[in-house]
Amino acid sequence: MADEPKKARGGSRLARSEITTVRLDPKLRYLAELAARKQRRTLSSFVEWAIEDTLDRLPIREWGQGAITFRDRAEDLWDVDEADRFAKLAFLFPELMTHEEQIIWKLVCENGYLWRGRYSKATHEWEWNVEQGGLLLDRLREHWAAFKAVASQEQPATELPTWTKLDPKRPKTFEDMDDDIPF
């Protein structure tokens, strides 16, 4: 019987993983290597396990006698799309946002193009409420790179999408007609 090629073991998990470089104090690294040996794991596998274990126990929010862990809210926070992840974090746990994320969120909240809304009957201006159901995620995804670039000051604010601020169907006022008067 001919030798069959050996099947590669693992690998599929590595293909889906991301590489992160971590600095460890020499003593902590040595102890982590010993703990990994105890569990018959690689150091990398041990670190991943330790993070997962911590996420199961670390509260993301606490109150009285209760707490919600990061693991409890993992599905609510995770999305394959960066813009969607950002929006979920902003609505659910804004206190965990970095300074740069707070700047992006301010730009998002101030941009009427990204929100469901209506024109005010009194002012005829576009109005929107910043609430989870009101954000048009497809528009945020489409312009995500621009919001990030403007927040980091790599691009001017003119790169952000615009919207019609005044209702185009509003009745004309005297001020609108100034240019039409021939004298």
Side-chain angles (χ1 to χ4, degrees), residues 12-22 48 51-52 54-64 66-180:
S12 64
R13 184 166 175 101
L14 290 176
R16 292 189 308 258
S17 297
E18 291 189 18
I19 296 172
T20 301
T21 303
V22 179
E48 186 174 11
I51 292 170
E52 287 177 354
T54 301
L55 292 175
D56 284 336
R57 295 182 288 114
L58 185 64
I60 194 168
R61 193 169 280 155
E62 297 176 86
W63 64 95
I68 298 171
T69 67
F70 279 86
R71 176 70 73 196
D72 294 336
R73 296 308 296 263
E75 293 305 313
D76 297 330
L77 289 166
W78 172 249
D79 196 283
V80 296
D81 192 287
E82 182 184 7
D84 289 38
R85 284 194 308 267
F86 168 80
K88 288 177 176 194
L89 178 62
F91 284 118
L92 297 173
F93 301 101
E95 68 274 15
L96 298 178
M97 295 173 74
T98 65
H99 179 69
E100 184 179 351
E101 289 169 335
Q102 291 174 24
I103 293 170
I104 297 170
W105 184 238
K106 181 174 175 55
L107 292 171
V108 166
C109 291
E110 293 174 349
N111 192 293
Y113 177 77
L114 301 177
W115 300 92
R116 288 183 178 84
R118 63 176 175 75
Y119 287 106
S120 164
K121 290 183 181 181
T123 64
H124 304 287
E125 290 185 8
W126 183 250
E127 295 179 339
W128 63 95
N129 290 323
V130 176
E131 55 190 31
Q132 197 162 5
L135 181 60
L136 300 168
L137 283 171
D138 57 332
R139 291 183 178 182
L140 179 60
R141 284 183 216 114
E142 179 183 351
H143 297 281
W144 181 241
F147 278 94
K148 287 175 47 176
V150 170
S152 64
Q153 298 181 342
E154 295 170 15
Q155 295 288 327
T158 55
E159 294 298 314
L160 297 177
T162 60
W163 67 101
T164 306
K165 294 180 183 181
L166 287 176
D167 186 352
K169 298 176 188 169
R170 77 185 192 289
K172 289 212 174 215
T173 63
F174 183 72
E175 289 81 23
D176 294 333
M177 294 186 276
D178 278 350
D179 293 338
D180 298 335

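Positions are given from 1 along the sequence. Remember, predicted model here, so these are calculated numbers, not experimental data.
- For the pair D84 (side chain) and L137 (backbone), a donor-acceptor distance under 3.5 Å is absent.
- A donor-acceptor pair under 3.5 Å is formed between the side chain of W128 and the backbone N or O of C109.
- Across all non-hydrogen atoms, the minimal contact from L160 to L107 is CD1-CD2, 4.2 Å.
- Heavy-atom minimum distance, D56 versus T69: O-CG2, 3.3 Å.
- Contacts of D72 classified as salt bridge (charged side-chain N to carboxylate O under 4.0 Å, His left out), with partners at least two apart in sequence or in another chain: none.
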Test side-chain contact (heavy atoms from CB on, under 4.5 Å) applied to E142 and Y113, step by step: CA-CA 12 Å; E142 179 183 351; Y113 177 77; 4.1 Å; yes

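- For the pair N129/W115, no side-chain contact is recorded, criterion being any heavy-atom separation below 4.5 Å from C-beta on.
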Under 3.5 Å, side-chain donor or acceptor atoms of residues 85-102 against the rest of the protein: list the pairs with distances, not counting sequence neighbours.
{"unit_1": "R85", "atom_1": "NH1", "unit_2": "D79", "atom_2": "O", "d": "2.8"}
{"unit_1": "R85", "atom_1": "NH1", "unit_2": "V80", "atom_2": "O", "d": "3.4"}
{"unit_1": "K88", "atom_1": "NZ", "unit_2": "W78", "atom_2": "O", "d": "3.1"}
{"unit_1": "E95", "atom_1": "OE1", "unit_2": "R61", "atom_2": "NH2", "d": "3.3"}
{"unit_1": "E95", "atom_1": "OE2", "unit_2": "R61", "atom_2": "NH2", "d": "2.9"}
{"unit_1": "T98", "atom_1": "OG1", "unit_2": "E101", "atom_2": "N", "d": "3.1"}
{"unit_1": "T98", "atom_1": "OG1", "unit_2": "E101", "atom_2": "OE1", "d": "3.4"}
{"unit_1": "E101", "atom_1": "OE1", "unit_2": "T98", "atom_2": "N", "d": "2.7"}
{"unit_1": "Q102", "atom_1": "NE2", "unit_2": "M97", "atom_2": "O", "d": "3.2"}

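- Counting all heavy atoms, side chain and backbone alike, E127 lies closest to S120 at OE2-CB, 3.3 Å.
- At a threshold of 4.5 Å between non-hydrogen side-chain atoms, the residues I51 and F70 do not count as touching.
- The two residues Y119 and L166 make their nearest non-hydrogen contact at CE2-C, 3.6 Å.
- In E75, the CD atom is not crowded: 12 or fewer heavy atoms of neighbouring residues, nucleotides or ligands sit closer than 6.0 Å.
- Expressed to the nearest 0.5 Å, how far CD1 of I68 lies from CG of L58 amounts to 12.5 Å.
- In plain terms, the two heavy atoms of A146 and E159 that are nearest each other are CB-O, 3.9 Å.
- With sequence neighbours left out, A157 forms a side-chain contact (heavy atoms from CB on, under 4.5 Å) with V150.
- Of the possible donor and acceptor atoms, none in the side chain of W126 sits under 3.5 Å from a partner among the backbone N and O of W163.
- Between the CD1 atom in I103 and the CD atom in Q153 there is a gap of 7.5 Å [rounded to 0.5 Å].
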side-chain contact (heavy atoms from CB on, under 4.5 Å) between R71 and E52, intermediate numbers included: CA-CA 8 Å; R71 176 70 73 196; E52 287 177 354; 3.5 Å; yes

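- Closest of all the heavy-atom pairs between L135 and R116 is O-NH1, 3.8 Å.
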Stepwise side-chain contact (heavy atoms from CB on, under 4.5 Å) check, F147 with N111: CA-CA 10 Å; F147 278 94; N111 192 293; 3.9 Å; yes

